[in-house]
**Q** 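Below you'll find the structure I mean.
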Amino acid sequence: MAKFDYEDLITIEERLQFSHFNRTDAFALGMLVNEEAGKLGCPIAVEIVLNGLVVFRYFQDGCPAESNQWLKRKRNTVESQGIGSLRFGLMLEKNCQTLEDNKMDPADHAPGGGGMPVLLEGTGMIGSVCVSGCPNHLDDQEIVVNAMTRLLENQR
């Protein structure tokens, strides 16, 4: 399991910016997420959203049913904050704040690992990729980061 701190996550998000990202790229990323999950032995759910449209969604066999709700909560966090859900969670922790302090409902938001923005160079956030299902949310985060890194390497 990887360890992530707030500064690492800023650097990771700056590094994981795409020169192009379309639905074909989303499909490739979804498949890479599934491969990465297999390495950790976690049955996961993955969702990729572009410009408000769900373009990839898959629930592996054995994935807990509650992953559906976790995907929604992570996506809401990424979309409302414009940063990864784990980075937002660490920011709350660093500032001794809660979701409620930020007028966010815990039933609708998840400030933990597994949700990342899809960032387009020169444009900013165009979507999100979220993973849920591992017993430890840091494993969800590791899966997303590794898959996004691999896709970027494949595009170069």
**Q** How long is the gap from SG on Cys42 to NZ on Lys39, to the nearest 0.5 Å?
**A**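 Nearest 0.5 Å value for the SG-NZ distance: 13.0 Å.
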**Q** Within a strict 4.5 Å, meaning less than it, do heavy atoms of the Leu9 and Leu90 side chains meet?
**A** yes
**Q** Give a yes or no on whether Val118 and Leu53 share a hydrophobic cluster (residues Ile, Leu, Val, Met, Phe, Trp, Tyr; joining criterion: side-chain heavy atoms under 4.5 Å apart).
**A**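 Yes: a chain of side-chain contacts under 4.5 Å links Val118 to Leu53.
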**Q** Step by step, would you call Glu79 with Thr77 a side chain to side chain contact (heavy atoms under 4.5 Å, CB included)?
**A** CA-CA 6 Å; Glu79 289 178 356; Thr77 302; over 6 Å; no
**Q** Counting only heavy atoms not in Arg23, do more than 12 fall under 6.0 Å of its CZ?
**A**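 At most 12 heavy atoms, drawn from other residues, nucleotides or ligands, come within 6.0 Å of this atom.
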**Q** For the residue pair Asp25 and Gln155, establish whether any side-chain heavy-atom pair is separated by less than 4.5 Å.
**A**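 Yes, close enough: below the 4.5 Å cut-off.
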**Q** In sequence, state the C-alpha distance, the side-chain angles, and the governing distance for Phe18 and Glu121, and then conclude on side chain to side chain contact (heavy atoms under 4.5 Å, CB included).
**A** CA-CA 6 Å; Phe18 297 89; Glu121 292 172 351; over 6 Å; no
**Q** Treating Gln81 as the side-chain partner and Arg87 as the backbone partner, does any N or O pair qualify as donor plus acceptor under 3.5 Å?
**A** no
**Q** Work out which heavy atom in Glu100 is nearest to a heavy atom in Pro106; give both atom names and the distance.
**A** OE2-CG, 3.1 Å
**Q** Tell me whether Leu29 shares a hydrophobic cluster with Leu120, the cluster being built from Ile, Leu, Val, Met, Phe, Trp, Tyr side chains joined at under 4.5 Å.
**A** yes
**Q** Locate the shortest heavy-atom distance separating Pro117 from Gly84; write the atom from each residue and the value.
**A**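 Closest pair (atom of Pro117, atom of Gly84, distance): CD-N, 3.6 Å.
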**Q** Decide whether Ile44 and Phe59 are clustered together by the hydrophobic rule: side chain heavy atoms of Ile, Leu, Val, Met, Phe, Trp, Tyr closer than 4.5 Å, transitively.
**A**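 No; Phe59 is not reachable from Ile44 via cluster members.
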**Q** Just so I know, are the side chains of Ile83 and Val78 near enough to count as touching, which here means a heavy-atom distance under 4.5 Å?
**A**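 Counting from C-beta outward, Ile83 and Val78 never come under 4.5 Å.
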**Q** Please check if the side chain of Thr123 supplies one atom and the backbone of Leu119 the other of a donor-acceptor pair under 3.5 Å.
**A**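 Here the side-chain-to-backbone pair does not exist.
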**Q** How about Val129 and Phe56: do any of their side-chain heavy atoms sit closer than 4.5 Å?
**A** no
**Q** Do Leu40 and Glu142 touch side chain to side chain, with heavy atoms closer than 4.5 Å?
**A** yes
**Q** How long is the span from the NZ atom in Lys103 to the NE2 atom in His109, to the nearest 0.5 Å?
**A**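 So the gap between those two atoms works out to 13.5 Å.
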**Q** Between Phe88 and Met104, is a side chain to side chain contact (heavy atoms under 4.5 Å, CB included) present by the stated rule, with each step listed?
**A** CA-CA 12 Å; Phe88 180 65; Met104 299 168 77; 3.6 Å; yes
**Q** Before you tell me yes or no, could you show the steps for Gln60 and Asn34 under side chain to side chain contact (heavy atoms under 4.5 Å, CB included), namely the whole-Å CA-CA distance, both residues' side-chain angles and the distance that decides it to 0.1 Å?
**A** CA-CA 8 Å; Gln60 293 180 340; Asn34 281 293; 2.8 Å; yes
**Q** If you take all heavy atoms of Ala45 and Cys63, which pair is closest and at what distance?
**A**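 Closest pair (atom of Ala45, atom of Cys63, distance): N-SG, 3.5 Å.
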**Q** Without swapping roles, check the side chain of Ser80 against the backbone of Asn76 for a donor-acceptor pair under 3.5 Å.
**A** yes
**Q** Are the side chain of Asn22 and the backbone of Thr24 linked by a donor-acceptor contact shorter than 3.5 Å?
**A**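 Yes; judged by distance alone, with no hydrogens or angles, the pair exists.
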**Q** So, applying side chain to side chain contact (heavy atoms under 4.5 Å, CB included) with Trp70, which one of Ser85, Cys130, Ser132 is it?
**A**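 Among the candidates, only Ser132 passes.
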**Q** Give, for atom CD of Glu47 and atom CG of Leu71, the distance between the pair rounded to the nearest 0.5 Å.
**A**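 Answer rounded to 0.5 Å: 5.5 Å.
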**Q** State the OG1-CD1 distance between Thr149 and Ile12, to the nearest 0.5 angstrom.
**A**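 The CD1 atom of Ile12 is 7.5 Å from OG1 of Thr149, to the nearest 0.5 Å.
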**Q** Please indicate whether Phe27 has more than 12 foreign heavy atoms, meaning atoms of other residues, nucleotides or ligands, lying under 6.0 Å from its CZ.
**A** no
**Q** Shortest non-hydrogen contact from Gly30 to Ile48?
**A** N-CD1, 3.6 Å
**Q** Is there a salt bridge (Lys or Arg N to Asp or Glu O under 4.0 Å) between Glu153 and Arg150 once you walk through the steps?
**A** CA-CA 5 Å; Glu153 290 169 355; Arg150 287 178 60 195; over 6 Å; no
**Q** Are side-chain heavy atoms of Met116 and Leu86 found at a separation under 4.5 Å?
**A**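 No. Closest side-chain heavy atoms not under 4.5 Å.
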**Q** Is any side-chain heavy atom of Cys134 less than 4.5 Å from a side-chain heavy atom of Ile143?
**A** yes
**Q** Assess whether side-chain hydrogen bond (donor to acceptor under 3.5 Å, both in side chains) is satisfied between Asp101 and Thr98, documenting all intermediate values.
**A** CA-CA 5 Å; Asp101 293 333; Thr98 65; 3.3 Å; yes
**Q** Mind checking side-chain contact (heavy atoms from CB on, under 4.5 Å) for Asn51 and listing every partner two or more places apart, or none if nothing turns up?
**A**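 So Asn51 forms a side-chain contact (heavy atoms from CB on, under 4.5 Å) with Ile126.
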**Q** Looking at Lys74 and Gly112, would you say the former's side chain and the latter's main chain have a donor-acceptor pair under 3.5 Å?
**A** no
**Q** Would a hydrophobic clustering, with Ile, Leu, Val, Met, Phe, Trp and Tyr connected at side-chain separations under 4.5 Å, put Tyr6 with Val144?
**A** yes
**Q** Roughly how far, to the nearest 0.5 Å, is CG of Asp105 from CZ of Arg73?
**A** 8.5 Å
**Q** May I ask whether Val145 and Phe21 are part of the same hydrophobic cluster, defined by side-chain heavy atoms of I, L, V, M, F, W, Y residues being less than 4.5 angstrom apart, directly or through others?
**A**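 Both belong to a single hydrophobic cluster.
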**Q** Do Val55 and Val49 have side chains that approach each other closer than 4.5 Å (heavy atoms only, starting at C-beta)?
**A**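 No. Closest side-chain heavy atoms not under 4.5 Å.
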